[in-house]
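All values reported here derive from a predicted model rather than from experimental measurement.
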Amino acid sequence: MARPTLAVWKFASCDGCQLSLLDCEDELLAIAGAIEIAHFPEASRKSVAGPYDLSLVEGSITTPEDAERIKHIRAQSHSLVAIGACATAGGIQSLRNFADLDGMAAAVYPRPDYLDVLATSTPISAHVPVDIELHGCPISKYQLVELVTAVLAGRRPRLPKFAQCVECKAHGTACVMVAEGQPCLGPVTLAGCGNLCPRVGRGCYGCFGPVEGANVAAMTARFAELGLDARQIRDALRSFTAAAPAFAEGGQGNG
Amino acid sequence: MAERTIKVDALARVEGEGAIKLKIGPSGVEAAEFRIFEPPRFFEALLRGRDAADAPDITSRICGICPVAYITSANQAMEAALGVTVTPEIAALRRLLYCGEWIQSHVLHAAMLHAPDFLGLEDAFEIARLRPDLVKTALRLKKLGNELMEVIGGRAVHPVNTRIGGFWRAPDPERIAALIPELEWGIGAARDMTLDFAGFDFPQDEADYTFVSLVHPETYPIELGRIGSNRGLDIGVEAFAEHFAEEQVARSTALHARHGDAPYLVGPLARYANNFARLSDSCRDTAAAAGLGPVERNPFRSILVRMVEVQYACEEALRLARGYVPPDPPAVVAPRRAGTGHGCTEAPRGICHHSYTLDDEGRILSAAIVPPTSQNQKQIEDDLARVAGRFLDLDDAALQWRCEQAIRNHDPCISCATHALRPTIERV
């Protein structure tokens, strides 16, 4: 039986999520044995034509050309998985969605007229149907291995659907908001990173994006009680998953 | 054979998206372009109005391969702006973290992205079928680099434990000590791999590069030093903008940097040439055994310099791990105030320079970030033209591959340059 084929695609991003695949040092050769890596330009000159059983898509859609390209990729992919905050929420570059793009372009480029970009940075799901999303900036490589394993086994991957707070409890991490009065997005953020920030005494900065049913209003009210002004509350929500609807709306009410 | 056209639209085994366009006529190479078409993400603009503390984490998202370079350059620039001096313990822990990034990034490039070219293979997975031990050793070394980043930074891609003034929490000494046996192994593994790669059949090539890197009187520069060159430049990092300019060209979403009117090269070849005397005796011994002199001008042999630097990073990390004293407190408190500051560190692929101006509440008024690949872009185009001219007798497929190598020699990070590669060779 032919091995399932894997393709890895890149849009506007930092490469960190696809790097996570190469960072699976213990599993990489086993994965490469079980799957035919058909298209993965960051790692290989070889490119086999589609269709592909599994497409991993990194990055957000920010140009008219990319808005077309993702449709062709969808058409060639049996399963399409969006990986990372850019592909699932628009990424840090979605801060442009809240600003004047022409002004931003002029601030960076002497000749903004050379550029051909969209006014917004949007997730893959805004353009084509997405089968599974792996969240995070970057994604967790453990979730990536679970995803590939699940696809090979023909089952859904087991991914957390609860808030970061649950991870703190599971790890026995003291609550940085209760104990230290530090602002922490843990109550409204999807778990999965491995409880990284609170474990070093830092409030979660929300890089896995909002958890389903996030009560952002209650959390921003608490931030205000902790002494954050409206701009600080807005900026806390406007980072790597700024355009995720729950965070975007929460940010709008502040600053 | 007067006219030929060769085209490659998406360069593989580089980080990000780019292209090569080459035009060859009866008189030789007529035009060579290294195009970067990765969509712009406007980092400098989206930093405006943000708190100074946001810059290291936001700019780390410029590059998932070398986030520590961005984090460290940004932190140092902010510390300069805010008048903060970190303690020796914090400085040592930063260097240890940075060693982890050098190891993982260099091994990724040398063994998995660059080495396949010299073996005539498409990728590291093909190497793994022929020489599984080589790839397993490379993965173990890369994992060591990532473990350093995880133990100190919290995670390998976009570490979370860093901040202006230092760290959120000092790593437990036991966890640092646990890395020591693997670092001891890593020194020898890096040396063996250097000597292994020294047996490759390297294309003959040489260029009279202007090498620009950090320089330091006492140590091989990673996270600190002045900016120097092999042509007599010696400036503080705050004077960068007076000596280097960025310009925009239509074919690229990365700004091209230049030094006067001439291209220049940053990265391992430059660091090595400018700081050879600062390497350890054991690293210089490995270099000599691999056939490297004190200066290496053949860019195809940069793979050897990268591996010598992996050995150095393992040695440095071992020294720092053995001498580890947890910084207490883990960070120096930074005030909120107005200021301008500059930071420059050696990303694996060359100097990464940051400048920020802050208002009196410590908010960012302006930001300027010059990544290594945009500095190298002009030199890479010159390399492309030179290499294509030198190997015109190759058939189209072989010439295309050789031209791709001319780019990969410099480990371009196109996401860094805020963008990507495609080779097009047009023989008119």
Side-chain angles (χ1 to χ4, degrees), chain A residues 10-20 22-23 25-26 28-29 32 37 40-47 59 62-63 66 91-93 95-96 99 101 103-111 114-115 117 121 137-138 140-141 193-194 196-197 199-202 205 207 231-232 235 239-240, chain B residues 10-17 38-46 48 50-51 54 57-58 61-65 67 104 108 112-113 116 122-126 128 132 135-136 139-140 142-143 146 154-158 160-161 163 167-169 247-250 253 255 401 404 413 415 420:
Chain A
K10 177 182 162 57
F11 291 84
S13 67
C14 78
D15 281 66
C17 289
Q18 53 177 314
L19 178 67
S20 299
L22 299 175
D23 278 352
E25 288 97 1
D26 294 335
L28 186 63
L29 294 181
I37 297 175
F40 187 4
E42 184 170 305
S44 179
R45 286 183 93 233
K46 187 179 80 173
S47 179
T62 61
T63 67
D66 280 354
I92 187 68
Q93 57 272 17
L95 289 178
R96 75 164 71 162
L101 179 67
M104 290 181 102
V108 179
Y109 294 94
R111 292 291 305 269
Y114 286 174
L115 307 173
V117 293
S121 169
C137 183
S140 149
K141 68 178 184 181
C193 66
L196 297 177
C197 287
R199 266 204 294 181
V200 296
R202 175 182 193 175
Y205 59 72
C207 72
R231 183 189 61 81
Q232 289 169 318
D235 285 355
S239 67
F240 310 105
Chain B
L11 190 57
R13 277 193 267 120
V14 296
E15 290 105 16
E17 299 184 308
E38 182 139 333
R41 293 192 289 148
F42 308 106
F43 276 92
E44 282 104 332
L46 57 84
R48 289 185 177 186
R50 301 289 297 216
D51 195 274
D54 292 347
D57 292 321
I58 288 181
R61 268 66 180 186
I62 292 174
C63 179
I65 324 293
Q104 65 83 12
L108 170 70
M112 303 182 69
L113 308 183
E122 302 285 1
D123 53 42
F125 307 116
E126 290 189 356
V135 175
K136 281 178 188 161
L139 286 171
R140 185 172 161 191
K142 190 165 108 48
K143 185 178 176 184
N146 280 335
R155 66 180 164 197
V157 179
H158 305 321
V160 300
N161 190 26
R163 62 192 301 192
F167 294 85
W168 289 87
R169 176 167 291 168
E247 62 187 6
Q248 187 183 5
V249 293
T253 44
L255 301 173
W401 195 326
E404 290 179 36
C413 180
S415 303

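For the set Arg202(A), Lys46(A), Gln232(A), the entry with the most heavy-atom pairs within less than 4.5 Å of chain B is Arg202(A). Contacts with chain B were tallied for Pro41(A), Ser44(A), Gly201(A); Ser44(A) has the most, counting heavy-atom pairs under 4.5 Å.
Among all heavy-atom pairs drawn from Ala156(B) and Asp23(A), the shortest one is CB-OD2, 4.5 Å. For the pair Asp57(B) and Phe240(A), the tightest heavy-atom approach, listed with the atom from each and the gap, is O-CZ, 3.6 Å. The two residues Leu19(A) and Gly64(B) have their closest heavy-atom pair at CD2-O, 3.3 Å. Nearest heavy atom pair, residue Glu25(A) against residue Leu139(B), reads CG-O, 3.3 Å.
Residues Ser121(A) and Arg41(B) are not in side-chain contact: their nearest non-hydrogen atoms beyond the backbone lie 4.5 Å or more apart. Counting only heavy atoms from C-beta outward, the side chains of Trp401(B) and Arg45(A) approach each other to under 4.5 Å. In this structure, the side chains of Asp235(A) and Asp51(B) stay at 4.5 Å or more apart for every pair of heavy atoms. Arg163(B) places none of its side-chain heavy atoms less than 4.5 Å from the side chain of Val200(A).
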Start with the C-alpha gap between His158(B) and Cys14(A), add the side-chain angles, then the distance that decides, and say whether side-chain contact (heavy atoms from CB on, under 4.5 Å) holds. CA-CA 10 Å; His158(B) 305 321; Cys14(A) 78; 3.3 Å; yes

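In this structure, chain B has a heavy atom under 4.5 Å from the side chain of Leu95(A), while its backbone stays farther away. The part of Leu113(B) that comes within reach of chain A is its side chain, from C-beta onward, which places non-hydrogen atoms under 4.5 angstrom from that chain. In this structure, chain A has a heavy atom under 4.5 Å from the side chain of Arg48(B), while its backbone stays farther away. Of the two parts of Cys17(A), neither the backbone nor the side chain holds a non-hydrogen atom closer than 4.5 Å to a non-hydrogen atom of chain B. For Ile92(A), the parts lying near chain B are the backbone and the side chain together; criterion is any non-hydrogen pair under 4.5 Å. Both the backbone and the side chain of Ala43(A) come within contact range of chain B, each with at least one heavy atom under 4.5 Å from a heavy atom of that chain. At a 4.5 Å heavy-atom cutoff, the contact between Leu29(A) and chain B is made by side-chain atoms alone.
Taking CG of Leu22(A) as the start and CD of Gln104(B) as the end, the distance is 10.5 Å to the nearest 0.5 Å. Rounding to the nearest 0.5 Å places CD1 of Ile65(B) at 7.5 Å from CD of Gln18(A).
Put simply, the side chain of Arg61(B) gets close to the backbone of Cys137(A): a donor and an acceptor are under 3.5 Å apart.
Geometrically, Arg96(A) does not engage Phe42(B) in a cation-pi contact defined by less than 6.0 Å to the ring centre and at most 45° from the axis.
None of Lys143(B), Lys136(B), Arg140(B) except one satisfies the salt bridge (Lys or Arg N to Asp or Glu O under 4.0 Å) rule with Asp26(A); the exception is Lys143(B).
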